[in-house]
Structure formats: C-alpha cells, structure tokens
Amino acid sequence: MTPDLPDRATAPALPVLDEQDPITRSLIDLIVRTGLGGRLPNERSLAEELGVSRTLLRDRLTLLEALGVVGRRKGHGTFVQPLDARRWGDALDIGLRLTDHTTESLLSVRIALERQAAGEAAQRIDRLNVARMQLALDVIRAEPSSAEVEQADFDFHAALMRASGNSSIEFFADALSVPLRRSFAERRKVLERIPHHHELTVDVHEGILEGVQSQDPRLAMQSVDAHFERFDEAVRDLDIG
C-alpha cells in the first residue's frame, strides 16, 4: 500500500540556507574570502574561530555542500568549488516531475535567455563560438538523421550562449537544458511531421547565425524570436490540418 503523503501546506519544510543565521553568514564571508579552489580551516579550528560547536558547524557545512558551494574530500579538507549547472539542472528536472510545472513552461525562459545571449553575442563577436555555431549548422544541413540534428541543434544553442560572454546566461541555460533536453526528443517527433521540417530547421538557424554576425543586437534578438515563432506557427498549421 502506498503511504499517505503529507499535504503540501502541512509538510515540514526542507532545510534551507538561512543567511540571517550568524554562523551561516560567517561561513559565507569566509568562503568568499577564501575563493574558488581554496581550502577552509579544519572543523576544530573553524568551530573555535566562530565560537560554535562542531555539531552546529557541521550542520551548516552539510547544507553548503548540498548546494554545491563547498566539497569535502576525505583526508584533505573542505574546499570552495564552483556551482555545477548540471547538478542544479538535475534538481530542477526532479522538481518539475514532482510538481504540476511542465518542461514546456520553461520554454519562455529559454527564449528570453537566448534573445539576450544573441544580443550580447552580436555586440562582442566571439569568433571561436561563432565558428562552433557554424560547424553545428553545417551538421544540421548535411545530416537529416534525427539524432545527428538533435545533437547539432543543442551544440548550436550552447555555442550561442557561450558567445554572449555572459557566464550567468551560460550557467542558467546549462541548468535549463537538463529538463528541456528530456522533452526535446518528444518535441522533435512532432516537428518531424512538419512538411520540409529539415529545410525549416536549417533556415531558422541560419537566421540566428546571420543575426549574430551582423553585429546588430536588435537584429540578432529578432532572429531568435523568428526561430521559435516559425516553428510554433508550423506546429499550429499541422494541428489544424
């Protein structure tokens, strides 16, 4: 028999990082001062420095480790580490599966990120990542295979995010790609029913690349809008038919 689940309103809250807690604030300040890759003092020294028990200290460190801010290596100590977008993306994916949110509801967030990425990419012209966009587009042109096109499509948009030079855009795009990629295969099955879907895929990606290369942020952002609008229009026409 499946056990009764607690009502969402009465279920105990999951532990969260309380930035108003003096121990947590002190640890955050120390982490910032230590910097990425740096090692924190051992638990005994750190507990004495903060004037708290090792039990309370370990509790806060466990929360910070769960968030991915620090990592503990047995026999070596606790180190400050960069946030892992994939780790946050996996948590987001699980959360979406457990709630009434859908991966489709994230699409508008993805569009907003890509519009901004395209605008910033057009301003700076990162030749390396623009070249990666071109290579991915070449694969899309040459390979009608679903698997090949799907991977090249992801590579194209990932290069667009990197081309923006904005690490925050790249981080959140990587996190979103985890739940979005899970549904992408299903979405592609629908897109493949669109007449001349391969030509449409090539055309809209060419538009984004040309928009970025134009060095006109407004044109680049409009090209992203066109990418999604044309696919949505084609799907609507398919449903009508």
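Position 1 is the first residue of the sequence; numbering continues from there.
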Check for me, please, whether [X] and [Y] land in the same ILVMFWY cluster - side-chain distances under 4.5 Å, paths through other members count.
X	Y	value
Leu61	Val52	yes
Phe79	Leu63	no
Val69	Trp88	yes
Leu135	Met161	no

Quiz item: Under 3.5 Å, is there a donor-acceptor pair between the side chain of Arg39 and the main chain of Val80?
Solution: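 No; zero donor-acceptor contacts below 3.5 Å.
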Roughly how far, to the nearest 0.5 Å, is the [atom2] atom of [Y] from the [atom1] atom of [X]?
X	Y	atom1	atom2	value
Gln123	Asp216	CD	CG	9.5 Å
Ile140	Glu150	CD1	CD	11.0 Å
Ile169	Leu160	CD1	CG	9.0 Å
Leu137	Gln134	CG	CD	5.5 Å
Asp174	Ser167	CG	OG	11.0 Å
Ile28	Asp21	CD1	CG	9.0 Å

Practice problem: Report the C-alpha distance between Glu120 and Arg124 in whole Å, list the side-chain angles of each, state the deciding distance to 0.1 Å, and finish with yes or no for salt bridge (Lys or Arg N to Asp or Glu O under 4.0 Å). | Solution: CA-CA 7 Å; Glu120 295 188 22; Arg124 64 192 300 267; over 6 Å; no
Practice problem: Would you mind telling me which of His198, His205, Glu206 makes a side chain to side chain donor-acceptor pair (under 3.5 Å) with Arg141? | Solution: Glu206
Quiz item: Does the side chain of Glu170 come under 3.5 Å of the side chain of Asn166 through a donor N or O and an acceptor N or O?
Solution: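 Absent: no donor and acceptor within the cut-off.
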Closest non-hydrogen atom pair, [X] against [Y]:
X	Y	answer
Gln213	Ile125	CA-CD1, 4.2 Å
Ala122	Gly211	CB-O, 4.1 Å
Leu209	Met133	CD1-CB, 4.0 Å
Phe171	Leu83	CE1-CB, 3.7 Å
Val204	Ala226	CG1-O, 4.5 Å
Arg230	Leu200	NH2-CD1, 3.5 Å

Going by an N to O cut-off under 4.0 Å, is there a salt bridge joining [X] and [Y]?
X	Y	answer
Arg162	Asp126	no
Asp90	Arg87	no
Glu43	Arg72	yes

With heavy-atom distances below 4.5 Å as the criterion, would you say the side chains of [X] and [Y] are in contact?
X	Y	result
Leu27	Leu57	yes
Leu107	Phe228	yes
Pro41	Thr78	no
Asp153	His157	yes
Glu114	His227	no

Quiz item: So Arg115 and Asp225, side-chain contact (heavy atoms from CB on, under 4.5 Å) or not? Walk me through it.
Solution: CA-CA 7 Å; Arg115 289 184 84 255; Asp225 290 335; 2.7 Å; yes
Quiz item: So with a 6.0 Å cut-off around CZ of Phe156, is the heavy-atom count from everything else above 12?
Solution: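 It does: Phe156 CZ has more than 12 such atoms within range.
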Quiz prompt | Over 12 non-hydrogen atoms of neighbours within 6.0 angstrom of CZ in Arg54 | solution =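 Yes - once you tally the heavy atoms of other residues, nucleotides and ligands closer than 6.0 Å, there are more than 12.
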Exercise. Before giving the answer on salt bridge (Lys or Arg N to Asp or Glu O under 4.0 Å), spell out for Glu229 and Arg236 the whole-Å C-alpha distance, their side-chain angles and the decisive distance to 0.1 Å.
Key: CA-CA 10 Å; Glu229 288 170 359; Arg236 285 194 299 270; over 6 Å; no
Listing, residues 44-51 side-chain donor-acceptor contacts under 3.5 Å, not counting sequence neighbours, or none:
residue	atom	partner	partner atom	Å
Ser45	OG	Asn42	OD1	3.0

